[in-house]
Amino acid sequence: MTDRELPEQYLDGYAEILAQVSTTGRRLTRDELASRRALGEQAAEAGHGLRALVSAHLAAARTAWPGSPGSADGALATVHQIIDAFAEGYERAQLLAVRQEEAARREFIDDLLYGRSDLGRLAERAERFGLRLSHAHAVAVAQGSAAYDEGDPVPRHVERALISRFADRNVLLTTKDGRLLCIAPGHQEDVLAYFAEQAHVATDGGQVAIGRPQPGPGGVVQSYEEALGVLELAERLDLADPVLRAADLLVYPVLTRDRQAMADLVAGTLGPLTTARGGAQPLLDTLTAYFESGCVSAEAARRLTLSVRALTYRLERIHKLTGANPADPAHRYMLQTAVIGARLLAWPAKDL
């Protein structure tokens, strides 16, 4: 229905009230004001624009004006009161609608990310928020130094950036447990990459993890949990990259799947380092820097602020204690896997 087709019901009794009040000079009664607020609520719920409704009231006032013998000031004051009450009811209905929409959105997001709802019903509700769960989706999760809610400036800034660039995409931006989330179709990698870029800046250097695309209604929660796992992994391994992709880190879940086997590998391979003067940690840090620098001694020494000679001495010490030579490709894989396992298990700070 267009604004020109506004039903006369929203002006019901308006001309009569205007005539009576302008003639007697009295103010509107409580019941009259309540009736105007009620009509404003009804108009808002019906989806009519406030501008058109105000115009209709002013036009009706002009029509009734010649038949109103009272003063112009009294008539204008009455019109002011009526429109103010009508607008109050309209805004109240709109605010209630917004709150109901926010509650429905939050309930949908909770069900989507926890997989608690019937998948068929979830897919139906998803279309209301721009998602087609029959397709594959991927989730990016941004974590900053602060916790964020949907109405905060940071999520709003990121959302505006996404809308301005991808207005026609089926993308859902939200927050969960203080983190920013972007849910996008799995084939739209550019959306998630742009979200990661914007979120990293907006959160003052926060870290972003991107889960792999997963199909079907349950795919969103799978990708979300995968992204959360990547953030947890980054914290445990001190991974400082601003953007981490689950697809690039698949080896780590494999390594942690059998914790006891990993603990046995760490103890059997690196356990002898605990007998070194100063404990195992300095030598473990040496191995970490050596492997992360591509087994280039000069670069590893620079990262550890050591001389190359001092680094070489440490590597020789590791070889003597463990029987495995970090420079020997035959031993390198076992040592590097054990080093990763030690970091995942927080060894030697925690007992295996």
Value rounded to 0.5 Å, distance of CG in L244 from CD1 in I210: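 Here the interatomic distance stands at 9.0 Å.
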Distance (rounded to the nearest 0.5 Å) between Q198 CD and R165 CZ: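 Q198 atom CD to R165 atom CZ measures 8.0 Å (nearest 0.5 Å).
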Closer than 3.5 angstrom, by distance alone: can the side chain of [X] be matched with the main-chain N or O of [Y] as a donor-acceptor pair?
X    : Y    : value
Q207 : A142 : no
Y14  : H57  : yes
Y224 : A140 : no
S223 : R212 : yes
H200 : G206 : yes
H331 : A327 : no

Side-chain touch [X]/[Y], heavy atoms, less than 4.5 angstrom:
X    : Y    : result
R245 : L249 : no
L180 : F195 : yes
Q9   : L39  : no
L181 : L113 : yes
V171 : I183 : no
R179 : L228 : yes
C182 : L162 : yes
D190 : F166 : yes

Carboxylate-amine/guanidinium contact [X] [Y], below 4.0 Å:
X    : Y    : answer
E299 : R303 : yes
E292 : R343 : yes
E32  : R36  : no
E159 : R156 : no

Derivation and outcome, side-chain contact (heavy atoms from CB on, under 4.5 Å), residues L283 and R314: CA-CA 7 Å; L283 297 179; R314 286 193 180 186; 4.2 Å; yes
With L335, the side-chain contact (heavy atoms from CB on, under 4.5 Å) member among N325, D328, L270: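 It is L270; the other options fail the test.
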